[in-house]
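Basis for what follows: all heavy atoms, side chains included, without hydrogens, waters or symmetry-related copies. All residue numbers refer to positions in the sequence shown, counting from 1.
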Amino acid sequence: MAALYVRELRLAVRIGGGAMMGVLFYLIVVTTFPFAIGPDLNLLSRLGPAILWIGALLATLLGLDRLFEADRDDGALDLMVASGRSLELLVIVKVAAHWTATGLPLVIAAPFLSLLLAMPVDVTLATVATLLVGTPALTLLGAIGAGLTVSLRRGGLLLPILVLPFAVPILIFGVAASTAVAYDPAAFRTPFLLIVAVTLTAAAISPIATAAALRNGLD
């Protein structure tokens, strides 16, 4: 499993692997908002957590179609299914590697992008914390969509439509927790814990659902 994790990381960070594309897309989305809103720093500061979360959500969706696509194309996915090993465990390893290569860089980039949005330090830290616990849930939910669409031609176009409705609660809780810090730090706790609960629930359900989708899709 460690070898599979390292292999997935190497594939993701190589040219065309998609890891750098997600960060660049995140940068473009976030930097577009100040041009649209204008030089109102107070408004940018208030909207900052929502902008960072929307950018992270879109950047995550951008790379999800590649989660199983390469393995399907080169036949590795058929070998995984036929290997007799736990497909659920293989899914967990692939999702973990995918988040490390595409989700974690978004979390790391968030503090630097918050400078463009004139966000206070406490709001920035809260936003980073919510992204750290929330982006794994986005990847786990996306894995289910990727599993359902892996056998479909141009399934990558369908994937965001399947995943986005289920990602909206994470977006709501993430923005609510981040903005609450600016007005009442005590209000941060409840939406933050809700994100943690969603992530833990997704971690329990996603490997099983994704593995079932892959088996059905390759039959």
Side-chain angles (χ1 to χ4, degrees), residues 12-13 15-67 95 98-142 145-146 156-157 159-161 163-183 185 187-188 191-192 194-196 198-199 202:
V13 300
I15 297 177
M20 187 58 67
M21 185 185 302
V23 176
L24 291 176
F25 183 78
Y26 190 35
L27 174 63
I28 292 172
V29 170
V30 173
T31 53
T32 299
F33 276 89
F35 290 107
I37 295 174
D40 188 338
L41 295 182
N42 291 329
L43 181 59
L44 283 174
S45 178
R46 289 198 303 272
L47 296 178
I51 295 172
L52 289 179
W53 257 100
I54 291 173
L57 173 59
L58 296 177
T60 301
L61 292 175
L62 182 68
L64 284 173
D65 61 326
R66 289 185 294 275
L67 187 55
V95 168
H98 184 82
W99 179 79
T100 303
T102 61
L104 185 58
L106 303 181
V107 179
I108 296 173
F112 301 99
L113 296 177
S114 70
L115 297 175
L116 300 175
L117 303 172
M119 291 170 56
V121 174
D122 54 348
V123 177
T124 298
L125 294 177
T127 304
V128 171
T130 57
L131 288 171
L132 186 61
V133 299
T135 49
L138 298 177
T139 304
L140 288 163
L141 292 174
L157 298 176
L159 196 151
I161 299 174
V163 175
L164 195 55
F166 297 98
V168 169
I170 304 171
L171 176 67
I172 294 173
F173 296 144
V175 175
S178 302
T179 54
V181 173
Y183 306 101
F188 170 83
F192 182 78
L194 286 172
I195 300 176
V196 174
V198 171
T199 301

Show which side-chain atoms of residues 129-138 pair as donor or acceptor with protein atoms under 3.5 Å away, not counting sequence neighbours.
unit_1, atom_1, unit_2, atom_2, d
Thr130, OG1, Trp53, NE1, 3.0
Thr130, OG1, Ala126, O, 3.3
Thr130, OG1, Thr127, O, 2.7
Thr130, OG1, Ser178, OG, 3.2
Thr135, OG1, Trp99, NE1, 2.9
Thr135, OG1, Leu131, O, 2.6

Any Leu125 side-chain heavy atom under 4.5 Å of Val181 side chain: no
Validation row: Arg46, Thr179 side chains within 4.5 angstrom (heavy atoms): no
Would you compute the distance between atom [atom1] of [X] and atom [atom2] of [Y] and round it to the nearest 0.5 angstrom?
X      : Y      : atom1 : atom2 : result
Leu61  : Thr139 : CG    : OG1   : 9.5 Å
Leu194 : Ile172 : CG    : CD1   : 11.0 Å
Thr60  : Leu164 : OG1   : CG    : 11.5 Å

side-chain hydrogen bond (donor to acceptor under 3.5 Å, both in side chains) against Thr100, all qualifying residues, sequence neighbours excluded: Tyr5
Quick one: side chains of residues 22-29, donor-acceptor pairs under 3.5 Å with protein atoms, not counting sequence neighbours, listed by atom name and distance.
unit_1, atom_1, unit_2, atom_2, d
Tyr26, OH, Leu52, O, 3.1

Closest non-hydrogen atom pair between Ala50 and Val175, with its separation: CA-CG2, 3.8 Å
Where Leu106 and Thr102 come nearest, the two heavy atoms and their spacing: CG-O, 3.2 Å
side-chain contact (heavy atoms from CB on, under 4.5 Å) assessment of Thr199 paired with Ile195: CA-CA 6 Å; Thr199 301; Ile195 300 176; 4.2 Å; yes
With sequence neighbours excluded, residues passing ring-ring contact (aromatic ring centres under 6.0 Å, His included) with Phe192: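 Phe188.
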For residues 33-41, run the donor-acceptor check on the side chains, cut-off 3.5 Å, and write out each pair with its distance to 0.1 Å, sequence neighbours left out.
unit_1, atom_1, unit_2, atom_2, d
Asp40, OD1, Asn42, N, 3.2
Asp40, OD1, Leu43, N, 3.2

Table please: side-chain donor-acceptor pairs of residues 107-123 below 3.5 Å, with sequence neighbours left out.
unit_1, atom_1, unit_2, atom_2, d
Ser114, OG, Pro111, O, 2.5
Ser114, OG, Thr124, OG1, 3.4

